[in-house]
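This one's a predicted model, so the numbers in the text were calculated from it and none came from an experiment. Heavy atoms only: backbone and side chains are in, while hydrogens, waters and symmetry mates are out. In what follows, chains carry the letters A, B, and so on, assigned in the order in which the sequence lines appear, proteins first and then strands, with residues in each chain numbered from 1.
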There are 2 protein chains.
Amino acid sequence: MVTITDIAEALGITPSTVSRALAGNPRVREETRQAVLEAAERMGYERNVLASNLRRGKSDIVGIVVPRINREFFSNLISGAESILGQAGYRAIICQTHEELDTEIKALHTLRLHRVAGVFFSHCIEATDSSHVLPALGRIPLVQFDRVFRDLPGAKIVGANFEGAYEATTHLILSGYKRIGTLAGYLHTEVYSDRLRGYRKALEDNGIPYDQSLVFPDSIFRETGYASCHMAIDAGCDALYCAGDYAALGSLDALREHRISVPDDFGLVGTANEFFTELTNPSISSVGQRPYDMGREAAIAFLESREGVTVIPMELHIRQSSNRNNIWLK
Amino acid sequence: MVTITDIAEALGITPSTVSRALAGNPRVREETRQAVLEAAERMGYERNVLASNLRRGKSDIVGIVVPRINREFFSNLISGAESILGQAGYRAIICQTHEELDTEIKALHTLRLHRVAGVFFSHCIEATDSSHVLPALGRIPLVQFDRVFRDLPGAKIVGANFEGAYEATTHLILSGYKRIGTLAGYLHTEVYSDRLRGYRKALEDNGIPYDQSLVFPDSIFRETGYASCHMAIDAGCDALYCAGDYAALGSLDALREHRISVPDDFGLVGTANEFFTELTNPSISSVGQRPYDMGREAAIAFLESREGVTVIPMELHIRQSSNRNNIWLK
DNA sequence: AGAACCGATGCAAACGTTTGCATGATATTT
DNA sequence: AAATATCATGCAAACGTTTGCATCGGTTCT
């Protein structure tokens, strides 16, 4: 492997000058710089990033920690962040926690050991509070997105969950559904409690009393959504706002089993706008979070070391599962 | 940040001994080791991985380069690889190429600069040959999977594409479809040419002449699948073996537009067993590649520096789109 | 002409760890 | 008792880069 010392020897100068020339430092003669660049090219030199980072005490790698990468939301968010970070010369290490707290702590800790320049983070379901984060992460700059802990320092990028849920629920009300329940998420997590609040506010603003017995928490996977939908049906619901698309999918399973017609006799809206929501029969209405934009915003917040909360609007995509009597235009 | 030198000073010994104690080197007294471990713990020491890697001339990071991470196949493959690599103390940098050759070259090159321990690689569609890989990657150990270049060194993990396509096509023949076309992929890529060969062999083994005009190459996305399916319908096909699920999805769009009943009047089998194939109406039969196992195999091949080709069997999942008259049991 | 300055380069230390070799103290062998 | 082996530790160099300070030849100012 050819080093700057090799180049220096070949040109009869010192490594210092070579280093400066390569770094574009103005304290080196143009002529020398050209010679260095030419020699570097000719000899096939490649900077040893490890050594460089060690000396400078910083890395050009950032870590992205997400529960899963095979979710439309997270994979698009990563793409969005990469698009900005790449331009700025950063590379991303992507870590999945598989929704496990242990894995999450290990991931944060490893990133810290690698002295990454920053960490982008959306916590897992098992994490009910932020107490594990700072001990594992130390003083590495932190940008949180989607599932954020308010009490941690650093930037936070979140979807407009309250407004999104409000819009989805209002949509169900306007569609004429009368007994609207919700498959809520894990309420210790802000995204989910915000969605529940949005759901509740929409009901109350329309003169419908909020009924605790129609709230089914901890239902964000296909299986739990399926089980909770059964309970919602028993409770007399004729519509559900689901805090996750996989729960909505499970609900569809349950409704099909009960031979309940969607959207005629039951309305359904999910959250996240997963790719599959468009493909099911009936297709699933969903409130989407614009993950690509969230990723970009997160990257920008990191690059500008901006603190504070950025809220990205959500968009309701109306599909068959809530389009009763075809009253909603495309 | 506390270093081994700090620990050494605190204990009145040298950094060498501290280093050896922490590394579990037997050339250090048990008593001393305990003291070191205790001091390290107490002082909050954390190994500087950058320095360690620089000195040892190697990294504990591997790179994984894939076209996209939001594909069931790739995300599961990554999970499989991570499960093995994590145990062995490696961390993965995941890079998406978005199917672009330029991005692919940049990714390989960046990984090289970071002196990663190895690269796991599935090339993008735009790459028609391997000529860019070694120049960008240098001598970093390489493990290829799925879309591989035979002429590159290192291990290769591939699905049994020939056999999978053979099984899928045979299945369509046995279901009574008479004019079976194929939406093939990019034939300069081995996975796709293998699938075409399997398709062809299945036809010929059943006394059906191979008809070039029923082969529609370069059709692996929803849009291209849609367009090619239109052409297949015009060519009188009553079934398609698709080399990708997204193409099968596009075909479903086209068939629906033509009001052709699937599977009664048209049979469809896709490839990759994407999550959504189960959800469409009708659901899509698909040959799956067992990506999790492929990822594990790739990681094992890397750890054992094994060379050569490993073939992972594929599995046909029969769903509605080819289950004519319900003759196939679940 | 001497002082002050400037631009280009060299020197050497530093980042934190690992490791071959040397050292000195015990323990074992002959 | 001398020779040898064994053990625990220290010394110092090395990995490749960056950077504060020194140097030195040449220019500009008064």
Side-chain angles (χ1 to χ4, degrees), chain A residues 1-37 39-40 43-61 89 110-117 138-140, chain B residues 1-40 43-61 89 110 112-117 138-140:
Chain A
M1 280 273 124
V2 30
T3 71
I4 54 171
T5 313
D6 298 332
I7 298 181
E9 277 171 9
L11 295 176
I13 57 179
T14 60
S16 326
T17 307
V18 176
S19 174
R20 279 190 272 258
L22 292 172
N25 188 318
R27 292 164 56 89
V28 55
R29 197 151 40 108
E30 187 51 35
E31 204 177 310
T32 319
R33 180 200 318 291
Q34 286 310 325
V36 168
L37 292 182
M43 301 171 68
Y45 168 76
E46 311 213 297
R47 192 162 63 106
N48 185 324
V49 184
L50 254 50
S52 172
N53 289 350
L54 171 61
R55 173 60 228 239
R56 296 177 322 167
K58 57 186 306 204
S59 164
D60 55 354
I61 295 187
T110 308
L111 291 172
R112 175 193 194 174
L113 288 188
H114 280 274
R115 306 291 200 271
V116 296
R139 295 201 301 262
I140 311 260
Chain B
M1 280 274 124
V2 30
T3 71
I4 54 169
T5 312
D6 298 333
I7 298 180
E9 277 169 9
L11 294 176
I13 55 179
T14 59
S16 327
T17 308
V18 176
S19 174
R20 280 189 272 257
L22 293 172
N25 187 318
R27 292 163 56 87
V28 55
R29 199 153 38 111
E30 187 51 32
E31 204 176 310
T32 317
R33 180 201 319 290
Q34 286 310 325
V36 168
L37 293 181
E38 189 273 328
M43 301 170 69
Y45 167 76
E46 310 215 297
R47 192 162 64 107
N48 185 323
V49 184
L50 255 50
S52 171
N53 289 349
L54 171 63
R55 173 60 228 242
R56 296 179 322 169
K58 57 187 304 205
S59 164
D60 55 354
I61 294 188
T110 307
R112 176 194 194 171
L113 288 188
H114 280 275
R115 307 287 200 273
V116 295
R139 295 202 302 262
I140 311 259

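Annotation: side chain to side chain contact (heavy atoms under 4.5 Å, CB included) contacts of E31(A) (sequence neighbours excluded): R29(A). R55(A) is linked by a side chain to side chain contact (heavy atoms under 4.5 Å, CB included) to nothing, counting only residues two or more places apart in sequence or in another chain. With sequence neighbours excluded, the residues forming a side chain to side chain donor-acceptor pair (under 3.5 Å) with S52(B) are R47(B), listed by chain and number. Annotation: side chain to side chain contact (heavy atoms under 4.5 Å, CB included) contacts of M43(A) (sequence neighbours excluded): V2(A), D6(A), I7(A), A10(A), A39(A). By the side chain to side chain contact (heavy atoms under 4.5 Å, CB included) test, E46(B) is found to be paired with H109(A), R112(A), L113(A), residues two or more places apart in sequence or in another chain being considered. With sequence neighbours left out, R115(A) forms a side chain to side chain donor-acceptor pair (under 3.5 Å) with no residue at all.
How far CD1 of I4(B) is from CD1 of I13(B): 10.0 Å, rounded to the nearest 0.5 Å.
Looking at every heavy atom in both residues, A117(A) comes nearest to S59(A) through CB-O, 3.2 Å. Across every non-hydrogen atom of P15(A) and A8(A), the tightest pair is N-CB, 3.5 Å.
Applying the side chain to side chain donor-acceptor pair (under 3.5 Å) definition to pairs two or more places apart or across chains, those involving residues 15-27 of chain A are T14(A)-T17(A).
A heavy atom closer than 4.0 Å to some atom of DNA chain C occurs in L54(A), R55(A), these being the qualifying members of residues 53-61 of chain A. Within residues 11-24 of chain A, the residues approached by DNA chain C to less than 4.0 Å at the level of any non-hydrogen atom are G12(A), I13(A), T14(A), S16(A), T17(A), R20(A), in residue-number order.
A 4.0 Å heavy-atom criterion places the boundary nucleotides of DNA chain D facing chain A at dG16(D) to dA22(D), written 5' to 3'.
Using a 4.0 Å heavy-atom criterion, one finds that R27(A) contacts the bases of the nucleic acid, with or without backbone contacts as well.
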